[in-house]
Asker: 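Once you've had a glance at the structure underneath, I'll fire off some questions.
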Protein chains: 2
Amino acid sequence: MATIRDVSKLANVSVATVSRVINQSGYVNEVTEKAVRQAMETLSYVPSDMARSLAGKKSATIALIVPDILNPFFPELARAVEDAAHQLGYTVILCNSDHDPEKERNYFGMLKNKRIDGIIVASYTIHPQQLLELQRQSIAAVVIDNHFPSHPILALQSKNREGAVMAVRHLLDRGCTTIAHISGPLEILPSRERLLGYELVMREHGMFAPSLIAEGDFHVEGGYRAMQELLKLHPDIDGVFAGNDLMAIGALKALYIAGKAVPQDVKLIGFDGIALATVVPELSTIAQPIAEMGKLATHYLMRQIRNEPVECKTHELDVRLLVRQSTTD
Amino acid sequence: MATIRDVSKLANVSVATVSRVINQSGYVNEVTEKAVRQAMETLSYVPSDMARSLAGKKSATIALIVPDILNPFFPELARAVEDAAHQLGYTVILCNSDHDPEKERNYFGMLKNKRIDGIIVASYTIHPQQLLELQRQSIAAVVIDNHFPSHPILALQSKNREGAVMAVRHLLDRGCTTIAHISGPLEILPSRERLLGYELVMREHGMFAPSLIAEGDFHVEGGYRAMQELLKLHPDIDGVFAGNDLMAIGALKALYIAGKAVPQDVKLIGFDGIALATVVPELSTIAQPIAEMGKLATHYLMRQIRNEPVECKTHELDVRLLVRQSTTD
DNA sequence: TTGAAAGCGGTACCAA
DNA sequence: TTGGTACCGCTTTCAA
């Protein structure tokens, strides 16, 4: 591999000059520049990211921290982030936090050490202090699906509450009168927001009852169990709003086994809009703009990295109601 | 952040000595070592990966190239790779190749440049030359789901043909007599292997007919279309072996729409054993040990990185038949 | 057993 | 506009 020195020799200039044309910084004569570029070309020279980052520049690497890439929501996010990053010449390090603060700290250490330029955090367990700490080390950070209103941290979030409202209203429109909710883990902010949206509409219609709510785990299994419990308490349930699509799938299974036909007996709607909601019957859902979130997060991150002005607030994204078979007779 | 020089000063030794204790290389007096460790401790010193890799050591980073992390097979693989790597102090860069040779080359360039220690390639479009080229730059490589018998490249593969045989035999056992196959893209090796396994058994039983085979794309959509075509030609199909689970889900939808009950009218089996085959009815499948593949690949890669002896051949992994609802009355 | 010093491949400041 | 050169933080001969 050719080095900057090889280039400088071939072009008969100093390394400083070569560095200048590489970075388009400082003055450099057109003729000289041409010569340098020529030399780079013939040596098929590529500056070493390693060396650049050591010398204080950026590493052209960002990290994406997700709870678990196995959850189908995150591959979609990862894909969008990776695409956007790659387009900008960045490389993405993937981290699975498993909601484990210990593991998270561990990652943060590794990443700091690697002089990562920035981090996108889609893990619910981080503490705002950790992000601020990063920023102090001039590592940019963007948070997804969480927010820290009292800290200068850029966050991205779907309109969870509004989405929940849309979901429940949709079930009401379809004629449901006994609507249950399978919530996500309540220590997770979006779960609480969705629950709140549900509660809001139910109270509006005088239909609210705590026993219509069961807490799941954002996984198929938890949705399944929650649905079973709910059916035990309320065999007359005719509408279910699940806090995410995976739990909706679990609920679907439970309903199927209980002999309830979807959507004839029970209408079911999820949240997220993950691609694999391609089950039979197809799942109605509140779709988050996952890909857009990833793209936006990456762009905001880049802005921070380049010290361009960005508002460090929570940016909210619109969700859409996707009506499919599970709520349509 | 403390540097090696800070440590050396505090411990009253040279940086060389500190380096020695860090790397456990060369001789160093016990007392001195203790002092150095003490100093590292009090400064909570962590050596910079950047600097180390620049100085010629390893970057403690590997890359995983997949066609598309959106395909549920790959998150499982990625998760296993990341876990194994993380445990060994390595960081994983994720790349989506999209089967695009151009993009692949691009990634290879970036990765070489970043002095990545090794690459796990689960992309079907790479050329063996590219891998050899890497090895020449002393970047380790392991290939998944592909193999290059005539090159010294370490590969990992499931027993695709055997798996296909198991699948078809299972359908026969269940009493199927008209068994169709939805194959993956035939330019992909595992697709061909699975097709071969299917063909083998069908011929054995004098049931083979080319029109019972339709080519899909490894995605839900392609499985759906292929199933529709097959039904047109053979309304009497009573068994389907799909080349992967996603296509099986597509087939399931097509069957459902065509009014065929699964498993009563048609028995259906997939391949891969991805977690989200949790549709209703649950899909029978030939499960690949995806997590194990990821783990093994990572370990083999590490071996190569550390110049430990490894056989650069294709290692084959066993698959298992998972009987679930889609083939059980 | 230890230390001095020459890189690794760049960046950037200061002179020329 | 250019070039010289001192780093960035660590590894690794080579001598002492």
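Please read all numbers here as calculations on a predicted model, not as lab measurements. Protein chains get the first letters and strands the later ones, always in sequence-line order, with residue 1 at the start of each. When reading the values below, keep in mind they use all heavy atoms of this one structure, side chains included, and skip hydrogens, waters and symmetry mates.
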Asker: Could you tell me if the side chain of A:E104 sits less than 4.5 Å from the side chain of A:S97, heavy atoms only?
Answerer: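 Sidechains of A:E104 and A:S97: in contact.
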Asker: Taking the side chain as C-beta and beyond, is there a heavy-atom pair between A:L134 and A:I119 under 4.5 Å?
Answerer: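 A:L134 reaches A:I119 side chain to side chain.
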Asker: Evaluate whether atom NZ of A:K295 has more than 12 neighbouring non-hydrogen atoms of other residues, nucleotides or ligands under 6.0 angstrom away.
Answerer: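 Count not over threshold, so no.
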Asker: When you look at A:E33 and A:R20, which way does the salt bridge (charged side-chain N to carboxylate O under 4.0 Å, His left out) test go after all the steps?
Answerer: CA-CA 9 Å; A:E33 169 158 4; A:R20 277 182 211 112; over 6 Å; no
Asker: Taking B:D145 for the side chain and B:A122 for the main chain, is one N or O donor matched with an acceptor at less than 3.5 Å?
Answerer: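 A pair under 3.5 Å: no.
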Asker: Touch check for A:T32, heavy atoms < 4.0 angstrom, all strands: base, sugar-phosphate only, or nothing?
Answerer: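 Sugar-phosphate contact only.
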Asker: D:dG4 phosphate, OP1 or OP2: any side-chain N/O from A:S14 under 4.0 angstrom?
Answerer: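 Indeed not, no polar side-chain atom of A:S14 lies that close.
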Asker: Got a donor-acceptor contact below 3.5 angstrom from the A:S138 side chain to the A:Q135 backbone?
Answerer: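 No: the side chain of A:S138 does not pair with the backbone of A:Q135.
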Asker: For A:K114, does its backbone N or O pair with a side-chain atom of B:D49 as donor and acceptor, under 3.5 Å?
Answerer: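 Looks like no, no N/O pair under 3.5 Å.
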Asker: Taking any atom under 4.0 angstrom from a heavy atom of chain B, which nucleotides of DNA chain C are the first and last to qualify, 5' to 3'?
Answerer: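 Reading along DNA chain C, I get C:dT1 to C:dG9.
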Asker: Donor-acceptor pair, distance only, cut-off 3.5 Å: does the side chain of B:S44 make one with the backbone of B:E41?
Answerer: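 Judged by distance alone, no pair lies under 3.5 Å.
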Asker: Reading nucleotides 5-16 of chain D from the 5' end, what letters show protein touch, with B for base, S for backbone sugar-phosphate only, - for no heavy atom under 4.0 Å?
Answerer: B--BBBSB----
